[in-house]
Structures are given as C-alpha cells and as structure tokens.
Amino acid sequence: MSFYSECGDLYSAHQLFDEMPHKNVVTWTSMISSYVQHGSFQLALGLFKKMIVSNEMPNHYTLSVVVRACTVVGYVDLGVQIHGLIVCVGLERDEFAGSSFLDFNFKVMGDLDSAFRVFDGLYRIDVFTWNVMISGLAQDGDTSEVLRMLSEMQVVDGLNPNDSTIVGLLKCCYILKEVEQVHGLALKTGFKNDIAVGSSLMDSYGKVGSIDLGQKILGSLELNNNTSCFVWSSIISSHARNGCGKEAITLFRDMCRQGMRPNQHAPSSALKACADVRDLSTGVQVQQSQMIKNGFRSDCFVGSVLISLYADAGKICKAEKLFRRIDDKDIVAWNAMITCCAQVEEGSAATCISFFQELCRTTTLEPNGATLFTLLKSCQSISDLVVGIQIHAMISKLSLGCVTRMGNAVINMYSRFGAVDDAYKAFNDIVSKDEVSWSSVIRNYQQNGFALDALRLCKVMMADGMVLTNFSPSIMCCGLRRTCSY
DNA sequence: ATAGGGTTAG
C-alpha cells in the first residue's frame, strides 16, 4: 500500500486498503495521510469519517493530519468536531494534535484568543509550534506580538529561528527597513539558498517596491525545474505590482521561451500586467498560447483577470463566456464579472443586480465590500434608487459605511438622486472624512439647490482644518454666488 | 506526523 502511495498511485493503494481484512489505526492513518500528501483533502476526510464509523480510534498522528486537511480546505464545522474528538481522547495537550489545531484556529477560525489558550496548554513547545504562532500572528499583522514571540522563543526556550520562522516573519513586513532586518536575521541564522526563504524575500522586496533587491536574491538561488517556477512567478508579480507591466510581460515571455511550463500563478500576474498596460492583444496571446495549452481554461484566478481584461476592451459577452467557464468561482470572480457589467454598460444597474442575485441564490459566498462598492456605483439612473437604498442597508449591516471609500460612494449615490439628507447621514457615518468626503457632501448641497448649507459646511470644514486642494475654489465660489443672490 | 514561497476583483 505504501509502495503505491509513494508512486502516487493512490487508486491502487486504496484498492489494496479496501481488500485488507484486518485494518488497524496504522493502516487507516497511512491511507488518510497519503491522500493529504497528494492534496486530496476531501478524500482524506471522507476516509476519516469511515474510520470513525467503523469504530477505529484515531491517534495523535491521524488527528494532526485530518485537522491539517480541514485547515487547508477551510472546514469550520468538521474542524471543530474533530477538536471535540481530540479533547475526548485526551490529546489536546499533545504537541502534534495541538499544534495543528493551533494552526486551524489562526487560519480558519481567525480566533486568536483560543489560539493562545491552545498554545499555553501544550505539554511541549518546539520550533515547529513557535513557528505556527509566529506565522499566525504575522498574518494577522500583529508585529509587536510577533517580535515578543520571537524573543521569547530565543531567550526563554533557547531555540534558534529556522527557515520557516523567517518566512513567517516576512508576512508582517510592510516597509523596506523591516524586510532588510528579517533578511539580516536570515543571513545570521544561516539561510543560504532555501527556496522558500529566497522566494519569500524576493516577493517581500517586491511588495515594498524594491524590485532590484529582490532580483539580487535571485542570483544567489540554485534553481531547478521544480523550484524555478515559484521564483519566476515571484519576480513577474513583483514587476506587475510595481507598475512595470511591460517588463512583467517580457519576463513571462522569457520564462516560456526557456521551456518552463508555468502553473496558473505566473500567467495570472502576466495577464494582470496586460490589463494594466491595456494590452488586450498580448493578453489574448497569453490566453491562447498558455491557458488553453496548459489547461487553465477553468482556473478562477486566470479567469478573473481575463474578465477584467475583456471588460477594459468593452467585450462583455466574451467576459461572460469566460466567467461561465470558471469551475469554482470565488467572490473575486463574481466581483470581476459585476465590475465588468458596471464598466461596459451604460445604466448597468439591472445587469449588475442580476449577477448579484445569481450570486446570492446559487452560492454560499458572502458578498464583500468590493461587491457592494461596485453595485452602488452602477446605480446611475433614478429607477436605481430603490436598489441603491437596499445596497446601502447591506453596507450598514456589514458595518462598512464608516470606511472612507465606501462612505464616499454612498454619499455620491444619494447625491445623484437629490437625496440630500441621506447623503449627509452617510457623510456623518464616515469615521475619518477625507477630501472626497467633504467635497462630495458640499457639492451634494450645492447641486441640489441648498447653497446656504453648502456654505455652512465649508465653514465647518475649514474649522476642522481640512483644505480642499482640488475642489475648493469652484465649490466655495458656487456657494458664495448663490448665497449672495439671495 | 504539526510550521514556510508565487496568482484574481475594488
């Protein structure tokens, strides 16, 4: 059985497994863990359920593997149930079962309190467990807590950071100086050419805008066919993210010319670069030469960026065809499609709404801020007011009305329909009002014939110390002119 | 056996 598993022939392995008359915990566990290792998480979890039904008791090894599967797939309920089982069999303080549940708390539950509880309860804490903590907290953006953990791990437990620690730390580096510090630590702890550390560093340098420093790392890495795919993807996305679209496209061509077979990551970035530089024809070339040949026709990431590329070119039918072809649509894919409608069709609320309704009716995905933001912007004609109000209600329900960009969009929607008071209420909901908030609400009064209110708000704004660099003269003059003529 | 790398909408 394990021979077949190692060859990747899980079908034969499973057949043998089924034929075994006396299965024990080791047989069950090795079959389950083979599935997890090959990325077949659903099959692994299905087999685990069978194991429980047939009254075989899982051990700490089985439990750590299935919790990991729940984490990767994002199964909340099953993960919580399995935790119940871990507690029942008295393994909650076990380092393996416990650490994987710790990771589950960070990644799936987003529950830091219970993560700390699990962590504090563990019998033994090794570098592995420290790394789960550091990576989880770093992902959450809690830099000071991450640094506290790092120091505690070194000073109290006397453990040295390893490559995975470095990768975890890089997740909470937002400026060049921070990346350089972690890079320094990596060199100190003996990082030579670990590919995960290398590509994380490259990616982090790219994210803080230092493509050059990232490319320097590239020179120090020893690449082979398996690893260079990662590194190419990093370097292409760095360029695409930093406004170097043309270079990103060239790099992608180089990559293909060298005979690399990219997975969906590099083409997604390359297509994003095409969208940024509005190069539809190259985008179509990439799509045809790579996507179809390499079988990414139904990939969600590739599909989403292609939709926005076709949207920019005004080709809504083509975009919809691509959208329909995506197998496992996530919220980003839906948003790309809704944005496409808003962009292409004049007075597009009806089309946008019909996609939105389909999203709510046929999936369990939660619409997010981007979904609602786009829908709101699509409400342009007076017949869309009712829809606009409904969307505003959803925005309030998600407590997003206080977010500056979103609040500004709400003000603008109401202003378009002359709903002066509602626009003003939306303005008040915004926690930190920026130039756009002020100018929108003032213009709202001014354009709807309430010059005195416009002027009054101008005064409040100035008393607040806000200066409108772009809008000030026209708005204030309009306000004054109207006021003087009264 | 439990931790680490690259992708999409606004």
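Throughout, protein chains are lettered first and strands after them, A, B, ... in sequence-line order, and every chain is numbered starting at 1. Just so it is clear, the values below take in all heavy atoms, side chains as well, and ignore hydrogens, waters and symmetry mates.
No donor-acceptor pair under 3.5 Å is formed between the side chain of A:N242 and the backbone N or O of A:C244. No donor-acceptor pair closer than 3.5 Å links the side chain of A:H392 to the backbone N or O of A:G388. Within the 3.5 Å criterion, the main-chain N or O of A:F104 finds no donor-acceptor partner in the side chain of A:K107.
Note on A:D163: a base of the nucleic acid sits closer than 4.0 angstrom, heavy atoms only. Note on A:I195: a base of the nucleic acid sits closer than 4.0 angstrom, heavy atoms only. Within 4.0 Å of A:D94, counting heavy atoms only, lies no atom of the nucleic acid at all. Contact annotation for A:K329: no contact, since no heavy-atom pair falls under 4.0 Å across all strands. Counting non-hydrogen atoms under 4.0 angstrom, A:C229 reaches a base of the nucleic acid. Contacts of A:R241 with the nucleic acid, taken as non-hydrogen atoms under 4.0 Å apart, involve only primed sugar atoms and P, OP1 or OP2. Within 4.0 Å (heavy atoms only), A:D330 reaches at least one base atom of the nucleic acid.
The minimum heavy-atom distance linking A:M202 with A:V231 is given by the pair CE-O, 3.6 Å.
Within a 6.0 Å sphere centred on CG of A:N24, other residues, nucleotides and ligands contribute more than 12 heavy atoms.
From the 5' end on, the contacts that DNA chain B makes with chain A at under 4.0 Å to a non-hydrogen atom open and close at B:dA1 to B:dG10.
Using cut-offs of 30° and 60° for the angle between ring planes, the A:F17 and A:W28 rings count as perpendicular.
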